[in-house]
Amino acid sequence: GNSVTQMEGPVTLSEEAFLTINCTYTATGYPSLFWYVQYPGEGLQLLLKATKADDKGSNKGFEATYRKETTSFHLEKGSVQVSDSAVYFCALSDYGQNFVFGPGTRLSVLP
Amino acid sequence: EPEVTQTPSHQVTQMGQEVILRCVPISNHLYFYWYRQILGQKVEFLVSFYNNEISEKSEIFDDQFSVERPDGSNFTLKIRSTKLEDSAMYFCASSEGSMAGGKETQYFGPGTRLLVL
């Protein structure tokens, strides 16, 4: 079945540091890939998405590129802020419609 | 901007009691979903719903769970006889259409935190 693997957290960075959160997936078809973010005490918010190979999703300074050859969708940001502290979930959506989420990576950004 | 809403935000119930979690999906969306997240764990799919019927469900969605769209705006999840292990955050989501149309992005509500005592 489909699955998503994310790097283990928590990740702790200083403000303005470079962020990478790795995500790899296994899917039988050609899924769409997503990053969702969950701020403390809140629900899931769509951060960015990519629907086909080599697409780059971007939002709020975050980027991720759909790499079919490495089945990856790593999340990056050049300069993190304290306000980026949250849990980040990589997810895929295949023809079956329901999403498959990774386990989440908790990011803490220190001032 | 349209958003998915859920009520209540928190619910505490006794084991064995029935609970109904309510969701109002985005108005032009056709696909509806329920997910749950046990504290500190991953988000797990429960069920998807389209055209007034369940289109897919996971192993978690056993006979004690049911979903309904009682009117044109609400989408509910009922847990018939709650167990301690049902304590979790329950998220409702909706999407406009199918992946084929590129409209499969799911928009999530803020969640209902259910605590079963």
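All chains are named by letter (A, B, ...) in the order of the sequence lines, taking the proteins before the strands, and each is independently numbered beginning at 1.
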**Message:** Which atoms of A/Leu46 are under 4.5 Å from chain B, going by heavy atoms: the side chain, the backbone, both sets, or neither?
**Reply:** side chain
**Item:** Heavy-atom proximity to chain B below 4.5 Å, by part of A/Gln38
**Value:** side chain
**Message:** Is B/Glu44 close to chain A through its backbone or its side chain, or both, or neither, when contacts mean heavy atoms under 4.5 Å?
**Reply:** neither
**Message:** Within this structure, what is the CZ-OH distance for the pair B/Phe91 and A/Tyr36, rounded to the nearest 0.5 Å?
**Reply:** 11.5 Å
Answer with yes or no whether the hydrophobic clustering places [X] together with [Y]; edges join I, L, V, M, F, W, Y residues whose side-chain heavy atoms lie under 4.5 Å apart.
X       : Y       : value
B/Tyr90 : B/Phe49 : yes
B/Leu77 : B/Phe75 : yes
B/Val19 : B/Met15 : yes
B/Ile60 : B/Leu21 : yes

**Message:** How about CG on B/Asp71, more than 12 heavy atoms from neighbouring residues, nucleotides or ligands closer than 6.0 Å, or not?
**Reply:** yes
**Item:** A/Phe101 ring center within less than 6.0 Å of B/Tyr35 ring center
**Value:** yes
